[in-house]
Amino acid sequence: MSKEVYKTIYSVIHQIPKGRVATYGQIAKLAGIPQQPRRVGYALRILPEGEKVPWHRVVNAQGKISMRWELGCVDLQRVLLEKEGIVFDNDGRIILKNFLWKADDFTR
DNA sequence: AAACTGACTAATA
DNA sequence: CTATTAGCCAGTT
């Protein structure tokens, strides 16, 4: 049950286009668990090391990097994103206005 | 089994 | 704009 949800979450994250980011809430919604972004975070926490999931494209609703505040991890994610063309402002926040992934882009 | 925790969000002050 | 509160639910203790 829950396991499949995680799998879906990873799947959704895989669908994030390069140069775009998605919020936890958005992923949760796409994964079929609206209003439960915490589970998305949990899914990423237990993220299988062997999996190639672009977790760095996942940010919180404020457009900021969410992590466990371990040494240098935030910077790592930032570098990875900048490499994909994402731009940060002076506060280290992503301009969601320009980079947020619109999953319902094709539906709309 | 009950309480606590958490890679969150949205609403309020 | 930032700070606080409540809601949410699986995993951990």
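Side chains included, hydrogens not; waters and symmetry mates left out as well; all remaining heavy atoms used.
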Select from A:Tyr42 and A:Arg93 the residue whose nearest nucleotide in DNA chain C is closer to the 5' end of that strand. A:Arg93
Measure the distance from CG on A:Asn60 to C1' on C:dC8 and round it to the nearest whole Å. 17 Å
Euclidean distance, atom CG of residue A:Leu100 to atom P of B:dC8 [Å, nearest integer]: 16 Å
Indicate yes or no: at least one non-hydrogen side-chain atom of A:Leu30 is less than 4.5 angstrom from one of A:Trp101. yes
Rounded to whole Å, the CZ-P distance (A:Arg39 to B:dT9) equals 16 Å
Establish whether A:Ile86 and A:Val79 are linked, either directly or via other cluster members, by ILVMFWY side-chain heavy-atom contacts under 4.5 Å. no
How close or far is atom P of C:dG11 from atom CG of A:Leu47, stated in whole angstroms? 15 Å
Value in whole Å for how far the P atom of C:dG11 lies from CD1 of A:Ile33: 11 Å
Check A:Ile9, A:Thr23, A:Val12, A:Val5 against A:Val40 for a side-chain contact (heavy atoms from CB on, under 4.5 Å) and give me the one that passes. A:Ile9
So A:Ile27 and A:Pro37, do their side chains get closer than 4.5 Å, heavy atoms only? no
Pair of N/O donor and acceptor under 3.5 Å linking C:dC8 base with A:Arg38 side chain: yes
What's the NZ-P distance between A:Lys7 and C:dA10, to the nearest Å? 20 Å
When A:Gln35 and A:Arg45 are each assigned the nearest nucleotide of DNA chain B, the 5'-most assignment goes to A:Arg45
Among B:dA7, B:dT9, C:dA10, which nucleotide has an atom closest to any side-chain atom of A:Pro37? B:dT9
Of the candidates C:dG11, B:dA7, B:dA10, the side chain of A:Leu44 sits closest to B:dA7
Separation of atom CD1 in A:Ile27 from atom C1' in C:dC9, rounded to whole Å: 17 Å
Grab the CD1-P distance between A:Ile9 and C:dA10 for me, whole Å please. 12 Å
Among C:dG11, B:dT9, B:dA7, find the nucleotide with the atom closest to the side chain of A:Thr23. B:dT9
What's A:Tyr24 touching, base or sugar-phosphate or nothing? Going by heavy atoms closer than 4.0 Å. base
Quick one: does A:Leu81's side chain get under 4.5 Å of A:Ile65's, heavy atoms only? yes
Here's a test of your reading of the structure: between A:Gln36 and A:Ile46, which maps to the more 5' nucleotide of DNA chain C? A:Gln36
